[in-house]
*Asks:* 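Mind looking over this structure? Questions follow.
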Protein chains: 2
Amino acid sequence: MGRGKIEIKRIDNATSRQVTFSKRRNGLFKKARELSILCDAEVGLLVFSSTGRLYDFASSSMKSIIERYNETKEDPHQTMNASSEAKV
Amino acid sequence: MGRGKIEIKRIDNATSRQVTFSKRRNGLFKKARELSILCDAEVGLLVFSSTGRLYDFASSSMKSIIERYNETKEDPHQTMNASSEAKV
DNA sequence: TCCGCTATGTATAATTG
DNA sequence: TCAATTATACATAGCGG
């Protein structure tokens, strides 16, 4: 998407990598937000840049999403009942 | 992106919502993966559908990403030193 | 150097089989 | 009804201010 096609591999040039990171991070967060709204989904997104900086997005709260993740992972039965749908 | 423009709000029709969820979820995961590769970033993505099903993506392991998130949140100084760059 | 613009590629909404 | 296809809106790579 853009003037040229790019290959999916690590960008060597540090400056370009940072620029691309900023742009794509914004796009990714936007998409995550859209998905959570459009489809009434609970979305949690954690990104650490190569410089170690943290960026996060959560449709509700990251804490509750991580807890729910742990619960779901522990309980193979999952929470498939519709009553658990987010009234976020 | 598509034949018609859509508004970012909850999709009422359950069938459409599920279809859109599948498509966008795939797209979101792909983008997350691309970002992690292109920019050498650590990315964790957690999605719960409105039916309660879990979908997750992690460039390394979700467990380590969540741990790193908790550490970063607890320590406001963050890990800004370049030496912490992912040798993932 | 960073921000914003524009051309282009990609994701995806609607449609078709 | 679901999956594949197609046309279009959107995201973004490269460029200019």
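Reminder, nothing fancy here: chain letters follow the sequence lines and each chain counts from 1.
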*Asks:* When only distance counts, do a donor and an acceptor, one from the side chain of B:Lys31 and one from the base of D:dA11, lie under 3.5 Å apart?
*Replies:* no
*Asks:* Closest heavy-atom contact between B:Phe48 and A:Ile65?
*Replies:* CE1-O, 3.9 Å
*Asks:* In this structure, how many angstroms lie between the P atom of D:dA9 and the CD atom of B:Glu7, rounded?
*Replies:* 16 Å
*Asks:* Applying a 4.0 Å non-hydrogen cut-off, can you work out what A:Ser16 is touching in the nucleic acid: base, sugar-phosphate, or nothing?
*Replies:* nothing
*Asks:* Among C:dA11, C:dG9, D:dC15, which is the nearest nucleotide to the side chain of A:Lys5?
*Replies:* C:dG9
*Asks:* B:Thr20 side chain to B:Arg17 main-chain N or O, any donor-acceptor pair under 3.5 Å?
*Replies:* no
*Asks:* Check the distance between C:dA11's P and A:Glu34's CD and give it to me in whole angstrom.
*Replies:* 14 Å
*Asks:* Please report, rounded to the nearest Å, how far the C1' atom of D:dA11 is from the CG atom of B:Leu38.
*Replies:* 14 Å
*Asks:* Expressed in angstrom and rounded to an integer, what is the separation of A:Gln18 atom CD from C:dC3 atom P?
*Replies:* 10 Å
*Asks:* To check you understand the geometry: which heavy-atom pair defines the closest contact between A:Ser49 and A:Tyr55, and what is its length?
*Replies:* CB-CE1, 4.2 Å
*Asks:* Between A:Arg33 and A:Phe57, which heavy-atom pair has the shortest distance, and what is it?
*Replies:* CA-CZ, 3.5 Å
*Asks:* When you measure only distances, ignoring hydrogens and angles, does the side chain of A:Arg3 come within 3.5 Å of the base of C:dT6 through a donor and an acceptor?
*Replies:* yes
*Asks:* Just the rounded figure in Å: distance from C1' of C:dT15 to CD1 of B:Ile6.
*Replies:* 16 Å
*Asks:* What is the distance from CZ of B:Arg33 to C1' of C:dT10, rounded to the nearest Å?
*Replies:* 15 Å
*Asks:* Within the structure shown, what part of the strands sits under 4.0 Å from B:Thr20 by heavy-atom distance: base, sugar-phosphate, or nothing?
*Replies:* sugar-phosphate
*Asks:* Taking CZ from A:Arg17 and C1' from D:dT12, how many angstroms apart are they, rounded to a whole number?
*Replies:* 19 Å
*Asks:* Rounded to whole Å, please give me the gap between NZ in A:Lys23 and C1' in C:dC3.
*Replies:* 10 Å
